[in-house]
Amino acid sequence: MRLEFTPEQEAFRLEVRRFVAARLPQDIKRKVDGGLRLEREDYVGWFRILEERGWITPGWPVAHGGPGWGPVERYLFDEETLAGGAPRLIASGIQMLGPVLIAFGTAQQQAQYLPDIRHSNTWWAQGFSEPGAGSDLASLRTSAVLDADGRHFVVNGHKVWTSYAQWCSMMFALVRTDPGAAKPQQGISFLLIDMASPGVTVRPIRMLEGGNDLNEVFLDEVRVPAENLVGELHQGWGVAKYLLGHERTGIAGIGSCKQQLARARRLAAARGLQQDPLLGARLARHEIELMALEFTALRLLGAGPGRHAPPVQASMLKLLGTELRQSIYETLLDIAGPQALPFSAEAQFLDFDGPDAVSPEFATVAANCLDARKLSIYGGSNEVQRNLLAQALLAD
């Protein structure tokens with residue numbers, strides 16, 4: 001069984017495939033294919049190539065500079081770019097803040113921020129999680145108080161697990177503006193914060209594989225203009241739920257699963273394991289689970305133009321997709337076998353030639369597997385997603 005698309009959709013798939021083959025820089029492709037570390041300039045270089053073609057914001061409407069694609073075209077774009085060795089679209093501005101500003105932002109906010117997101121001039125950090133308020137996001141304590149003249153919020157707090165904050169010049173954040181609200185989800189607002197403001201401190205968090213893509217952000221008496229409020233005061237929880245619906249749908253990572261399954265087959269061939277029956281059965285199970293995930297995602301996302309998955313269904317995609325990706329990375333580790341043992345954080349860079357280097361195709365497998373542990377935590381841990389699914393089932 002295979003997914004069937006219309007002739008127009010297949011022609012679009014071929015167009016994307018040819019574009020990636022012709023325009024993706026080869027050094028970036030080598031990094032992606034080998035699981036090597038990408039730097040900001042790698043992402044920006046590829047994003048600007050996509051922007052020239054009008055493809056950098058696949059989920060945005062034409063009126064705001066997007067291509068106006070439906071869910072199937074967005075799915076095919078993701079699949080073909082990743083299959084061609086391109087980096088995934090990681091920028092929070094493209095995938096999360098952009099849709100939020102289009103739905104909730106003022107005309108001034110849209111004009112000020114959306115063009116710079118498209119051009120990769122501004123990168124945005126996501127200031128949601130805090131110590132003690134990760135999966136239980138409604139427990140956040142970062143405060144924002146309007147000063148006497150009503151022109152600025154004064155923000156104090158501590159954000160954590162802030163991806164790529166070291167590369168970002170702006171942050172969108174959830175802050176508590178009414179500490180006396182009856183419910184924790186009430187009294188929360190959505191603010192845009194300049195990372196260069198006095199009182200903002202970014203501190204890197206070293207991860208299992210040696211990287212520092214995650215950060216802590218400390219906010220000490222940070223003054224934020226009142227016009228940087230997105231949506232209504234105290235109503236940020238609804239904005240956040242809208243944003244998380246986009247984030248969790250993308251976290252399913254169907255294109256990334258296909259990318260890593262292809263890598264698993266290449267590494268199996270490099271080790272002469274193509275005929276191993278146990279490995280063959282394991283890879284076949286991954287393929288079956290991926291096919292089921294694809295059918296589910298297209299059924300949910302393809303119900304109508306412009307639709308994105310409702311929160312509970314997005315939770316299902318996030319849960320199944322992240323656990324499948326982790327399983328594939330574990331298979332990669334088993335394929336590499338002893339060649340994955342000499343782990344070196346430095347081996348994740350293209351120009352590494354140190355004495356501890358192993359065969360290039362295996363040098364990053366252990367680091368990639370360690371890094372994949374975070375997939376089931378960010379965007380709301382998978383335990384929380386199971387609770388949401390169970391509550392929805394019992395409510396029916």
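Note that the structure is a prediction, hence the values are computed from the model and not measured. For this chain, numbers begin at 1 and follow the sequence in order.
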So, [X] versus [Y]: side-chain donor-acceptor pair below 3.5 Å or not?
{"X": "S327", "Y": "H286", "result": "no"}
{"X": "T142", "Y": "E130", "result": "yes"}
{"X": "E221", "Y": "N156", "result": "yes"}
{"X": "H119", "Y": "E51", "result": "yes"}

To the nearest 0.5 Å, what is the distance between [atom1] ([X]) and [atom2] ([Y])?
{"X": "E10", "Y": "R17", "atom1": "CD", "atom2": "CZ", "result": "8.0 Å"}
{"X": "F172", "Y": "L97", "atom1": "CZ", "atom2": "CG", "result": "5.5 Å"}
{"X": "T322", "Y": "N382", "atom1": "OG1", "atom2": "CG", "result": "3.5 Å"}
{"X": "L319", "Y": "R386", "atom1": "CG", "atom2": "CZ", "result": "4.5 Å"}

Look at [X] together with [Y] and state whether they make a salt bridge at an N to O cut-off of under 4.0 Å.
{"X": "D27", "Y": "K31", "value": "no"}
{"X": "R13", "Y": "E79", "value": "yes"}
{"X": "D147", "Y": "R223", "value": "yes"}
{"X": "R53", "Y": "E15", "value": "yes"}

If you look at every heavy atom in [X] and [Y], which pair is closest and at what distance?
{"X": "V202", "Y": "M195", "value": "CG2-CE, 3.7 Å"}
{"X": "L333", "Y": "C369", "value": "CD2-SG, 4.0 Å"}
{"X": "A270", "Y": "F362", "value": "CB-CZ, 4.3 Å"}
{"X": "I117", "Y": "I94", "value": "CG2-N, 3.7 Å"}
{"X": "P25", "Y": "I49", "value": "CD-CD1, 3.8 Å"}
{"X": "N215", "Y": "A165", "value": "ND2-N, 3.3 Å"}

Show your reasoning for whether salt bridge (charged side-chain N to carboxylate O under 4.0 Å, His left out) applies to D78 and R88.
-> CA-CA 8 Å; D78 182 67; R88 62 189 178 92; over 6 Å; no
Do [X] and [Y] come close enough that some side-chain heavy atom pair is under 4.5 Å?
{"X": "R206", "Y": "N212", "result": "no"}
{"X": "V20", "Y": "E80", "result": "no"}
{"X": "Q326", "Y": "S376", "result": "yes"}
{"X": "F128", "Y": "K159", "result": "no"}
{"X": "T57", "Y": "L114", "result": "no"}
{"X": "Y378", "Y": "L375", "result": "yes"}

Output the rest of the hydrophobic cluster of M207: all Ile, Leu, Val, Met, Phe, Trp and Tyr residues reachable through side-chain heavy-atom contacts under 4.5 Å, sorted by chain and number.
->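 ILVMFWY cluster around M207 also holds V160, W161, I205, L214.
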Check: W55 ring centroid to F19 ring centroid under 6.0 Å |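 Yes, ring centres under 6.0 Å apart.
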Mind checking side chain to side chain donor-acceptor pair (under 3.5 Å) for R23 and listing every partner two or more places apart, or none if nothing turns up?
->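 Counting only residues at least two positions away or on another chain, R23 forms a side chain to side chain donor-acceptor pair (under 3.5 Å) with E52.
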[X] side chain vs [Y] backbone, donor-acceptor pair below 3.5 Å:
{"X": "T106", "Y": "Q109", "answer": "yes"}
{"X": "K258", "Y": "A83", "answer": "no"}
{"X": "R176", "Y": "A138", "answer": "yes"}
{"X": "R151", "Y": "P225", "answer": "no"}
{"X": "D136", "Y": "A133", "answer": "no"}

Treating Ile, Leu, Val, Met, Phe, Trp and Tyr as nodes and any side-chain heavy-atom pair under 4.5 angstrom as an edge, say whether L76 and L290 lie in one connected cluster.
->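 L76 and L290: one cluster.
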Aromatic rings F47 and Y43: how do their planes relate, parallel, tilted or perpendicular, breaks at 30° and 60°?
->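 Rings of F47 and Y43: tilted, 30 to 60°.
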Just do the side-chain hydrogen bond (donor to acceptor under 3.5 Å, both in side chains) check on R48 and N121 with the steps written out, would you?
-> CA-CA 10 Å; R48 287 181 172 163; N121 294 334; 3.1 Å; yes
V200/L219 under side-chain contact (heavy atoms from CB on, under 4.5 Å): CA gap, chis, key distance, verdict | CA-CA 5 Å; V200 177; L219 304 155; 3.9 Å; yes
What's the verdict on side-chain contact (heavy atoms from CB on, under 4.5 Å) for V175 and S143, showing C-alpha distance, side-chain angles and the deciding distance?
-> CA-CA 5 Å; V175 295; S143 65; over 6 Å; no
